[in-house]
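First comes the structure, then the notes that go with it.
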Amino acid sequence: MNVRYRVELSQAERDELTAMLGGGKHAARKLKRAQILLAADRGGRDEEIARTVRVSLSTVGRTKRRFVEGNLERALSEEPRPGAERKLTGKEEALLVATACAKPPAGHKRWTLTLLADTMVKLTYHDSLSGETVRRRLAENDLKPWRRDMWCIPHVDGEYVARMEDVLDLYAETPDPARPLVCFDETPVQLIGEVRQPVPAQPGQRERYDYEYRRNGTVNLFVTFDPRRGWRNVKVTDRRAAVDYAHCMRELVDVHYPDAACIRVVQDNLSIHKPGALYEAFAPAEARRILRRLEFHFTPKHASWLNMVECEISVLQRQCLGRRIDDPKRLRNEIAAWQRRRNKTRASIKWMFTTDKARAKLGRAYPATAKEPKSL
């Protein structure tokens with residue numbers, strides 16, 4: 001036994017260590033130190049403790065020494081580890097961040113760690129810098145200049161705000177069966193088939209499929225979603241034309257909501273989403289009959305996220321379409337099965353974004369004249 005560092009725990013310390021080993025989330029190293037201290041308190045030899053806890057003899061001695069010279073907290077915690085001095089000063093790190101946020105040199109598509117390191121050597125007095133040094137400093141500032149996100153940056157003007165608040169107020173209204181709310185959109189689907197038959201999964205091996213595939217054209221999906229009823233309808237068409245859109249609107253009026261006085265339709269600004277599409281498909285009297293029962297509400301340009309049907313299309317992609325299907329008939333059957341299940345459970349969307357939240361979060365983006373005047 002190491003006489004110099006004799007561990008004698010109080011009852012409170014024993015209880016604390018026992019509780020730590022009995023449950024909770026703790027680091028493995030901390031648990032091993034607790035085992036070492038309890039074993040040493042019982043009079044165990046260092047060699048025996050090291051063998052039982054499966055640590056080195058030096059770890060046992062170091063843990064006991066830190067307890068005797070300090071306290072229980074010090075014995076259980078990590079010692080600060082010495083490290084090399086930071087190569088970049090505060091000003092140099094700021095320069096690195098500014099450089100990474102700027103455009104790369106001519107002839108380069110994007111910044112790389114090596115390119116940034118070489119540039120910093122030219123801008124500072126360092127003889128050399130490693131890519132790892134650059135990576136760590138960028139990671140501390142949550143920067144990855146070699147990555148970019150594609151995003152649609154909207155121009156927020158009075159028209160944008162008016163359309164956004166119109167749709168949000170529509171979502172916040174009390175449901176009225178005589179004036180149902182539906183969200184409408186479309187999405188293309190590629191028909192893709194297998195060139196070689198996939199190998200089924202088995203214990204210890206995932207399903208495998210060949211990287212080659214066969215294209216079999218595309219189809220279009222017209223998706224209608226009623227968030228109040230938890231109801232959706234997906235219509236598969238060969239194309240996305242104004243005539244097809246017009247037929248969807250007639251089905252909405254005559255088949256899906258025959259008793260509704262007015263159907264409010266939320267949709268985006270696609271060129272076929274217009275009243276004139278019905279006059280291109282039907283006689284004037286028929287087109288007018290359908291339009292009398294429709295009320296269109298358009299999302300702002302570049303703001304399709306305000307249309308709840310986008311969420312439903314995302315669910316459809318994840319749950320049903322995210323695989324290879326090359327036969328239109330099979331696609332229709334798979335979508336119909338998905339639709340029946342979703343409608344049976346009346347799956348809906350809990351929409352949280354409101355007009356008040358839009359004004360609070362997007363207040364700075366609102367046009368200056370649209371903001372509340374300051375009190376005198």
Side-chain angles (χ1 to χ4, degrees), residues 5 17 20-21 23-37 46 49-153 204-211 305 314 317-318 322 361 364:
Y5 299 114
L17 295 176
M20 182 186 301
L21 295 174
K25 294 183 179 180
H26 302 282
R29 291 182 179 180
K30 194 170 186 178
L31 294 176
K32 286 186 177 294
R33 296 187 189 105
Q35 292 175 332
I36 292 172
L37 293 175
D46 287 6
I49 297 174
R51 183 172 59 256
T52 303
V53 183
R54 295 185 178 181
V55 295
S56 65
L57 194 61
S58 61
T59 298
V60 176
R62 182 169 55 252
T63 303
K64 294 169 63 177
R65 174 178 59 81
R66 295 182 66 190
F67 176 78
V68 173
E69 295 180 351
N71 51 32
L72 181 61
E73 180 61 28
R74 182 183 173 189
L76 293 175
S77 60
E78 293 276 355
E79 285 183 318
R81 301 187 179 187
E85 184 180 354
R86 296 170 76 99
K87 291 187 177 181
L88 297 178
T89 64
K91 290 185 178 180
E92 290 171 343
E93 288 185 19
L95 177 61
L96 172 62
V97 170
T99 303
C101 292
K103 291 185 177 180
H108 293 273
K109 176 183 177 182
R110 59 188 181 184
W111 287 106
T112 63
L113 295 178
T114 302
L115 182 59
L116 280 170
D118 293 342
T119 303
M120 287 299 296
V121 168
K122 296 177 182 178
L123 297 176
T124 61
Y125 295 100
H126 292 281
D127 295 329
S128 64
L129 281 175
S130 67
E132 180 62 15
T133 297
V134 173
R135 186 196 67 79
R136 290 178 178 175
R137 300 293 82 79
L138 292 179
E140 290 177 357
N141 291 275
D142 195 22
L143 268 178
K144 295 181 180 179
W146 50 89
R147 298 184 61 180
R148 295 194 306 166
D149 288 335
M150 181 177 290
W151 194 255
C152 183
I153 305 174
Q205 180 176 289
R206 300 177 182 176
E207 178 186 7
R208 292 179 291 174
Y209 62 96
D210 199 278
Y211 70 95
W305 56 273
S314 177
Q317 294 282 358
R318 294 196 310 270
K361 293 185 177 182
R364 294 182 180 179

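Among all heavy-atom pairs drawn from Ala100 and Trp111, the shortest one is O-CD1, 3.6 Å. Heavy-atom minimum distance, Glu93 versus Leu88: OE2-O, 3.6 Å. Considering all non-hydrogen atoms of both residues, Leu21 and Gln35 come closest at CD2-CG, 3.8 Å. Here the closest non-hydrogen pair linking Ala75 and Arg66 is CA-CB, 4.1 Å. When all heavy atoms of Val53 and Lys32 are compared, the closest pair comes out as O-NZ, 2.9 Å. Of all non-hydrogen atoms in Ala34 and Leu76, the two that sit nearest each other are N-CD2, 3.8 Å.
In this structure, Glu140 CD and Arg135 CZ are separated by 10.0 Å, a value rounded to the nearest 0.5 Å. Taking NZ of Lys25 as the start and NZ of Lys30 as the end, the distance is 15.0 Å to the nearest 0.5 Å. A distance of 11.5 Å separates CD1 in Ile36 from CG in Leu17, rounded to the nearest 0.5 Å. If you take CD1 on Ile49 and OG1 on Thr59, they are separated by 12.0 Å, rounding to the nearest 0.5 Å. From Leu115, atom CG reaches atom CZ of Arg110 across 11.5 Å, with rounding to the nearest 0.5 Å.
Contact annotation: the side chain of Leu96 never approaches that of Asn141 to less than 4.5 Å [non-hydrogen atoms, C-beta and beyond].
Partners of Trp146 by ring pair (Phe, Tyr, Trp, His ring centres under 6.0 Å), not counting sequence neighbours: none found.
Side chains of Thr133 and Arg137: no donor on one and acceptor on the other come within 3.5 Å. Side chain to side chain, Thr112 and Thr114 fail the donor-acceptor criterion of an N or O pair below 3.5 Å.
Of the possible donor and acceptor atoms, none in the side chain of Lys87 sits under 3.5 Å from a partner among the backbone N and O of Leu129.
Summarising the local packing, CZ of Arg136 is surrounded by 12 or fewer heavy atoms from other residues, nucleotides or ligands at distances under 6.0 Å.
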How far apart are the C-alpha atoms of Met20 and Leu31, what are their side-chain angles, what is the distance that settles it, and do they pass the side chain to side chain contact (heavy atoms under 4.5 Å, CB included) test? CA-CA 7 Å; Met20 182 186 301; Leu31 294 176; 3.8 Å; yes
Would you check, one step at a time, whether the test side chain to side chain contact (heavy atoms under 4.5 Å, CB included) holds for Thr124 with Thr89? CA-CA 10 Å; Thr124 61; Thr89 64; over 6 Å; no
